[in-house]
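Owing to the predicted nature of the structure, the values given are computational and were not obtained by experimental measurement.
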Amino acid sequence: MYYPERKIALKNGKEALFRSPSPEEDAALMMDFLKNVSRETEFLLRCPEECDDPLEQEVAFLTDILGSETKMMIACVIDGEVAGNCQINFYNRIKTRHRASVAIAIRKKYWGLGIGTEMFREMIAAANRRQGILQLELEFIEGNERARRLYEKMGFRIVSERPDAIRLQDGSFRKEYTMIKKLAQQSGQD
C-alpha cells in the first residue's frame, strides 16, 4: 500500500519526510537502517548479524508491501538518512479482519523528536480509514520502558504477557507483552 509523502516538523526544528520506501531506490538504505537500529537496542527481534539478507530480498520485500492491500510501511527520512520506520498489517481472514498489527523502530539519535508519535498517528489514521478495523495490536519486550510510554500515550493497553519469550545473546530471558488499542466502532458495523 502506497503512503504519500508528508513533511513533519520535529521538536528540534528540523524537518522530516514521511514516505513509502521505494524498492529500487531505498532497499540499501532500509537494510542499513535495520542493521544500525538492531545494534543500538536489544528490544528488536533481530540481532545485527541477522540483518544480512541479499539486496534482492529487500527489494522484493518492499515491492510486496508497496503493492499490497493489507500492508503499509512508512519511512522517516532526515537529511537523506532513514531515521525510523513503521508498518501496519491488516489481517484479512473473516474472523480476524477487524484487527491490524503495528510495529515501529527509530534510530537512537532521533529519539525524543516526536517521530514515534507522528508515526503512530499515521498508522491509527490508516486503520480508521479502513472499513471494519476495531483494534490495533503490538508487542514489546520487557524493559523497553520508553516504547511502553509511547504506546500507552497513544492509547494502547497491556492485555497479556509471554514469559521467557525472548532469549538474549547473554542467555537471559525477557517477557514479551501484547498491547491493544481499541478503535471507535465504525457506523454500520455490528
Where [X] and [Y] come nearest, the two heavy atoms and their spacing:
X: F156; Y: V102; answer: CZ-CG2, 4.0 Å
X: A27; Y: E58; answer: O-CG, 3.6 Å
X: A184; Y: L134; answer: O-CD2, 4.5 Å
X: P21; Y: L62; answer: CG-CD2, 3.9 Å
X: M123; Y: I88; answer: O-CD1, 3.5 Å
X: I141; Y: F43; answer: CD1-O, 3.5 Å

(message) Could you tell me if the side chain of Y177 sits less than 4.5 Å from the side chain of E139, heavy atoms only?
(response)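 A side-chain contact under 4.5 Å is absent here.
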
(message) Between M119 and F18, is there a side-chain heavy-atom distance shorter than 4.5 Å?
(response)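 Counting from C-beta outward, F18 and M119 do come under 4.5 Å.
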
If you measure from the Lys or Arg side-chain nitrogens to the Asp or Glu carboxylate oxygens, is any gap between [X] and [Y] under 4.0 Å?
X: D164; Y: K175; result: no
X: E152; Y: R148; result: yes
X: D53; Y: R46; result: yes

Going by atom types only, do [X] and [Y] share a side-chain donor-acceptor pair under 3.5 Å?
X: K153; Y: T117; answer: yes
X: E122; Y: Y3; answer: yes
X: N89; Y: Q87; answer: yes

Surrounding [atom1] of [X] (heavy atoms of other residues, nucleotides or ligands, distance under 6.0 Å), is the total greater than 12?
X: I94; atom1: CD1; answer: no
X: E49; atom1: CD; answer: yes
X: E25; atom1: CD; answer: no

(request) Begin with the C-alpha distance, continue with both residues' side-chain angles, and end with the deciding distance and a verdict on side chain to side chain contact (heavy atoms under 4.5 Å, CB included) for E42 and R174. (result) CA-CA 10 Å; E42 63 187 21; R174 299 281 172 89; 2.7 Å; yes

(message) Which residue in the set R107, K108, K109 passes salt bridge (charged side-chain N to carboxylate O under 4.0 Å, His left out) when paired with E40?
(response)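 With E40 as partner, salt bridge (charged side-chain N to carboxylate O under 4.0 Å, His left out) holds for just one option, R107.
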
(message) As a quick check of understanding, evaluate side chain to side chain contact (heavy atoms under 4.5 Å, CB included) for L136 and F120, giving each step before the final call.
(response) CA-CA 11 Å; L136 295 177; F120 267 98; over 6 Å; no

Okay, side chain of [X], backbone of [Y]: is any donor-acceptor separation there less than 3.5 Å?
X: K181; Y: M154; value: yes
X: N144; Y: F140; value: no
X: S38; Y: L34; value: yes

(request) Report yes or no: do V82 and I74 belong to one cluster of Ile/Leu/Val/Met/Phe/Trp/Tyr joined by side chain heavy-atom distances under 4.5 Å? (result)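 Each belongs to a different hydrophobic cluster.
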
(message) Applying side chain to side chain contact (heavy atoms under 4.5 Å, CB included) to I104 and N85, what does each step give before you reach the verdict?
(response) CA-CA 6 Å; I104 187 171; N85 79 348; over 6 Å; no

(request) May I have the step-by-step check of side chain to side chain contact (heavy atoms under 4.5 Å, CB included) for I158 and T178, ending in yes or no? (result) CA-CA 6 Å; I158 292 174; T178 299; over 6 Å; no

